[in-house]
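Being a predicted model, the structure only gives us computed values, none of them experimental. All values below come from the heavy atoms of this structure, side chains included, with hydrogens, waters and symmetry mates left out. In listed order, ligands and their atoms are each counted from 1.
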Amino acid sequence: MHGSRAIGVMGGTFDPIHYGHLVAAEAARTCFGLSEVIFVPSGNPPHKADRSVSTPEHRFLMTVLATTTNPYFRVSRVEIDRPGPSYTVDTIEALRERLEADARVYFITGADAVMELMTWNRPEAILQMCELIAATRPGYPPADIRRLRKAIPEANAKRVHTIEVPALAISSSDIRARVAQGKPIKYLVPETVEHYILKSGLYGGQQVVGTGGGPLSGFWRR
Ligand code: ATP
Ligand code: MG
């Protein structure tokens with residue numbers, strides 16, 4: 001294939017990762033001919049300080065489990081291993097250092113997160129380093145995207161793309177609430193992630209391993 005390589009970057013808290021994230025990443029990959037999508041779980045994010053986020057290791061492992069069946073998906077530890085708060089611009093810069101100079105980077109995000117992303121970082125700086133793919137609900141007018149397009153100069157507006165994602169209604173907050181209430185999360189997250197959540201007792205769920213307090217029960221609680 002000619003032309004420069006294009007890769008996707010999907011940042012998130014992934015607490016937990018779910019089929020919405022995976023469907024959005026795969027749609028972006030196929031629509032934009034991306035050679036790979038790199039999932040970047042955040043370190044402990046300052047703007048989610050209102051609730052206790054699961055440890056980076058739990059979120060990293062769930063992301064690895066969820067992506068193993070897709071040969072085009074990879075997981076990066078760049079934000080997890082970096083001390084202090086992470087900014088998307090720094091992450092893209094760090095990932096870029098390992099790519100060819102002319103490689104194109106697409107940052108994949110939900111339409112709801114676009115404005116948040118742009119508030120935490122300078123839109124111009126981000127759009128200089130990467131293009132943006134925002135996942136929107138099918139047939140739903142993406143107000144956030146229109147606002148964003150209005151807020152940036154015409155030249156950069158072409159660097160903001162949208163894709164329609166049918167699984168957009170799935171959210172990590174809903175999954176955490178379901179686990180806490182003992183409701184099923186099957187078919188919302190990959191089975192491996194479902195089992196990991198239940199085994200580790202994340203989100204206040206009933207822990208299903210080591211019920212007798214066996215030697216392994218502590219391991220999953222770490
Ligand atoms: P929470 O409910 O805790 O906010 P979340 O489900 O939004 O979690 P995040 O880890 O915060 O998950 O999101 C990471 C990225 O994935 C963000 O850009 C977000 O907009 C996007 N995203 C989240 N849910 C979906 C979904 N169902 N479909 C497509 N993109 C999504
Ligand atoms: Mg969110």
Side-chain angles (χ1 to χ4, degrees), residues 8-32 34 37-56 58-67 70 73 75-76 78-80 85-89 91-92 105-121 123 126 130-140 142-145 147-148 160-181 183 185 187-190 193-194 197 202-204:
V9 176
M10 176 120 201
T13 316
F14 302 133
D15 194 18
I17 187 162
H18 53 67
Y19 277 130
H21 300 129
L22 296 164
V23 166
E26 184 66 355
R29 185 184 75 77
T30 55
C31 289
F32 292 83
L34 310 179
V37 176
I38 306 173
F39 287 74
V40 188
S42 59
N44 274 333
H47 58 287
K48 295 227 171 172
D50 52 319
R51 68 173 185 91
S52 63
V53 174
S54 305
T55 63
H58 275 316
R59 295 182 289 105
F60 173 75
L61 285 173
M62 289 191 283
T63 309
V64 170
L65 287 173
T67 52
N70 191 321
F73 288 178
V75 188
S76 165
V78 63
E79 290 198 5
I80 287 177
S86 277
Y87 294 95
T88 302
V89 273
T91 300
I92 308 259
V105 175
Y106 288 87
F107 192 81
I108 307 159
T109 169
D112 64 303
V114 164
M115 287 312 285
E116 196 186 334
L117 176 78
M118 292 303 167
T119 323
W120 279 81
N121 302 267
I126 289 210
C130 62
E131 299 188 39
L132 221 59
I133 301 175
T136 67
R137 208 181 294 271
Y140 183 82
D144 285 336
I145 304 294
R147 266 207 294 156
L148 173 66
V160 180
H161 314 271
T162 58
I163 46 169
E164 291 192 348
V165 173
L168 207 83
I170 304 175
S171 74
S172 302
S173 5
D174 176 56
I175 289 164
R176 291 191 302 270
R178 283 172 164 274
V179 174
Q181 294 160 19
K183 288 184 185 164
I185 55 168
Y187 312 127
L188 296 173
V189 298
V193 173
E194 179 194 356
I197 291 170
L202 285 174
Y203 318 127

Counting from 1 in the order shown, the ligand 1 atoms closer than 4.0 Å to a non-hydrogen atom of F14 are 10 (O)
Practice prompt. For H18 and D174, run side chain to side chain contact (heavy atoms under 4.5 Å, CB included): C-alpha distance rounded to whole Å, both residues' side-chain angles, the deciding distance at 0.1 Å, then the answer.
Written response: CA-CA 11 Å; H18 53 67; D174 176 56; over 6 Å; no
Logged contact type for A24 with ligand 1, heavy-atom cut-off 4.0 Å, is side chain
- Query: Can you tell if the side chain of Y106 reaches within under 4.5 Å of the side chain of H161, non-hydrogen atoms only?
  - Reply: yes
For T109, the ligand 1 atoms with a heavy-atom partner under 4.0 Å come out as 18 (O)
Item checked: Check: F39 ring centre within less than 6.0 Å of H21 ring centre -> no
Legend entry - Heteroatom distance test (D15, ligand 1): nitrogen or oxygen, under 3.5 angstrom: no
If we only count heavy atoms from C-beta on, is the L65 to P190 side-chain gap below 4.5 Å? no
Original post:
If we only count N/O pairs under 3.5 Å, is L168 in contact with ligand 1?
Top reply: yes
### Query
Under 3.5 Å, N or O to N or O, is I108 touching ligand 1 that way?
no
Per-atom filter on ligand 1: closer than 4.0 angstrom to a heavy atom of A113 are 17 (C), 18 (O), 20 (O)
Would one find an N or O of G12, backbone or side chain, under 3.5 Å from an N or O of ligand 1?
no
So for I17 against ligand 1, with non-hydrogen atoms under 4.0 Å, the contacting part is neither
Notebook entry, point to check: Taking side chain as C-beta onward, heavy atoms only, is Y203 less than 4.5 Å from D15?
Noted result: yes
S173 heavy atoms within 4.0 Å reach ligand 1 at atoms 1 (P), 2 (O), 3 (O)
Restricting to heavy atoms, the pick from S42, G110, A28 nearest atom 19 (C) of ligand 1 would be G110
* Check: I185 and E194 side chains under 4.5 Å, non-hydrogen atoms -> yes
For D112, the atoms of ligand 1 under 4.0 Å from one of its heavy atoms are 20 (O)
#### Entry: T67 vs L22, side chain to side chain contact (heavy atoms under 4.5 Å, CB included): CA-CA, chis, key distance, verdict
CA-CA 8 Å; T67 52; L22 296 164; 4.1 Å; yes
Taking only non-hydrogen atoms of R176 and a 4.0 Å limit, the atoms of ligand 1 in range are 3 (O)
With nothing but distance in play, are any N or O atoms of I170 less than 3.5 Å from an N or O of ligand 1? yes
With heavy atoms and a 4.0 Å threshold, my read on which part of A167 contacts ligand 1 is backbone
Can you check whether C130 reaches V9 side chain to side chain, under 4.5 Å on heavy atoms? no
Side chain to side chain contact (heavy atoms under 4.5 Å, CB included) evaluation trace for V179 with L202:
CA-CA 8 Å; V179 174; L202 285 174; over 6 Å; no
Taking it one step at a time, do E26 and F73 satisfy side chain to side chain contact (heavy atoms under 4.5 Å, CB included)? CA-CA 9 Å; E26 184 66 355; F73 288 178; 3.6 Å; yes
Exercise. Is ligand 1 less than 4.0 angstrom away from at least one heavy atom of G11?
Worked result: yes
